[in-house]
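As a basis for the values below, the full set of heavy atoms in this structure was taken, side chains included, without hydrogen atoms, waters or symmetry mates. Numbers for residues simply follow the sequence, beginning at 1.
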Amino acid sequence: MWDRLLVDCHIATMDPAVDAPFGAIENGAIGIQDGRIVRIGKRTELAGYQAKKVEPLGGAWVTPGLIDCHTHLVFGGNRAGEFEQRLEGASYEEIAAAGGGIVSTVAATRAASRDELVEAARPRLRALMRGGCTTVEIKSGYGLDAATEIKMLEAAKRLGETETVRIDRTLLALHALPTDYREERAAFVRMAIEEILPAVAERRLVTAVDAFCEGIGFTRNEVRALFEAARRHGFWLKLHAEQLSNLRGAELAADFRALSADHLEHADEEGVAAMARAHMAAVLLPGAFYALKETKKPPVDLLRRYGVPMAIATDCNPGTSPVLSPTLMMSMACTLFGLTPEEAVAGMTRCAAKALGREAEIGTITVGKVADLCVWAVDRPAELAYWIGLPGPVRRIVAGEDA
């Protein structure tokens, strides 16, 4: 006897093996046992099965739980004041010169205790959960020293232990150059590789390592040195690449068989082809594109042509993407980048799971996978991207239990 049987529902499995838009099974049913999906199909096909709890869903649509595969959710302070300054005409450079920008976030993050970081991030995480997220990736990167990076990652771990959501943790080891290393770039890169990375590895705080490969970030050679060290520790790799210029970051990430390259507004065909050969995911971040008033869009047509899975994420951070709505990101991916609604929903389910290396466990409604599900009061799954900032699902199920 199964634990649960969900009936009277339509299922957007997002499984490409199901030959229908959104992998849809209408008038369907889902059997759940021990937190996993044991059967899916037409309701009539599952009519003979018994469960401890049979739950009619009133014709609602069920999707995989949403996955936000790129966030900077843990940080100290906020930069709403800088937003006002920019609207009044101040440039980012002027704000940074006055002690604002990432420097202010680093200072606030260093000053906060682990518990303060947890409680500051909790409402942000809960907003993503209300929006349908059952898995959220959280990066470090606002510490820029070993003690603070560890503190951020411990805060992310604590959030996962106290909220009904899966948290993937990533060390963003090369994010920005701290002011105290302004004239010592090489020394900071060595410190990140020789001190921060081993300290985080020893504590088993992350599964992946990330970097910002950009003119205002770090060079290919600096990132390559980090990735070589991270690979020796057995970590997966991710990369912020081609956001503001093309430094061939996507190709570098492909050389290391990274999980994903993220942003990609300036990626070209060579970079996309390399990603395809390496079976990587592209992570598109429309919130940052919007907030920065960018005009160059990521090469969606090239990504389609080469079959690179396109994930979508909020990039929630205090400076360039203060976004807490996964459904808004799906809508923006369609209106700003030209994705179809089906691509947008796949971007926050199946493709996002691939971007985290979790496609064997989550991301589609498939027999054997974890029963992370969202129940939506919509008439068709395209509405998740059609409504601008749809509030969220009517029910969220994590590992087979209501959350």
Does [X] come within less than 4.0 Å of [Y], counting only side-chain N to carboxylate O?
X	Y	result
Arg122	Glu119	yes
Glu251	Arg220	no
Arg395	Glu55	yes
Asp255	Arg248	no

Report task. Measure the CD1-CG distance between Ile388 and Leu328 for me, rounded to the nearest 0.5 Å. Result ->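 Those atoms lie 8.0 Å apart.
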Query raised in the report: Of Asn317, Thr314, Asp262, Asp210, which meets side chain to side chain donor-acceptor pair (under 3.5 Å) against His70?
Result: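 So, applying the side chain to side chain donor-acceptor pair (under 3.5 Å) to His70 and each of Asn317, Thr314, Asp262, Asp210, only Asp262 qualifies.
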Report task. Evaluate the ring planes of Phe227 and Phe256, with Trp represented by its six-membered ring, and classify them as parallel (under 30°), tilted (30 to 60°) or perpendicular (over 60°). Result ->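 Answer is perpendicular, since the angle exceeds 60°.
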Query - side-chain contact (heavy atoms from CB on, under 4.5 Å) partner of Tyr142, chosen from Glu149, His175, Arg110 - result: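 Of Glu149, His175, Arg110, side-chain contact (heavy atoms from CB on, under 4.5 Å) with Tyr142 is met by His175 alone.
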Is the side chain of [X] donor-acceptor paired with the backbone N or O of [Y] at a distance under 3.5 Å, no angle test?
X	Y	value
Arg36	Gly368	yes
Ser140	Met152	no
Arg396	Thr164	yes

Requested in this report: Please identify each residue that fulfils side chain to side chain donor-acceptor pair (under 3.5 Å) with Lys238, with sequence neighbours left out.
Outcome: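 Counting only residues at least two positions away or on another chain, Lys238 forms a side chain to side chain donor-acceptor pair (under 3.5 Å) with Ser260.
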Query - Geometric cation-pi criterion, Arg380 with Phe22: 6.0 Å, 45° - result: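 Output no; distance or angle outside limits.
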Query - Partner set under side-chain contact (heavy atoms from CB on, under 4.5 Å) for Glu184, not counting sequence neighbours - result: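 Partners of Glu184 under the side-chain contact (heavy atoms from CB on, under 4.5 Å) test: Tyr181, Ala187.
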Query raised in the report: Do Val200 and Ile150 have side chains that get closer than 4.5 Å, going by heavy atoms?
Result: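 A side-chain contact exists here, since the closest heavy-atom pair is under 4.5 Å.
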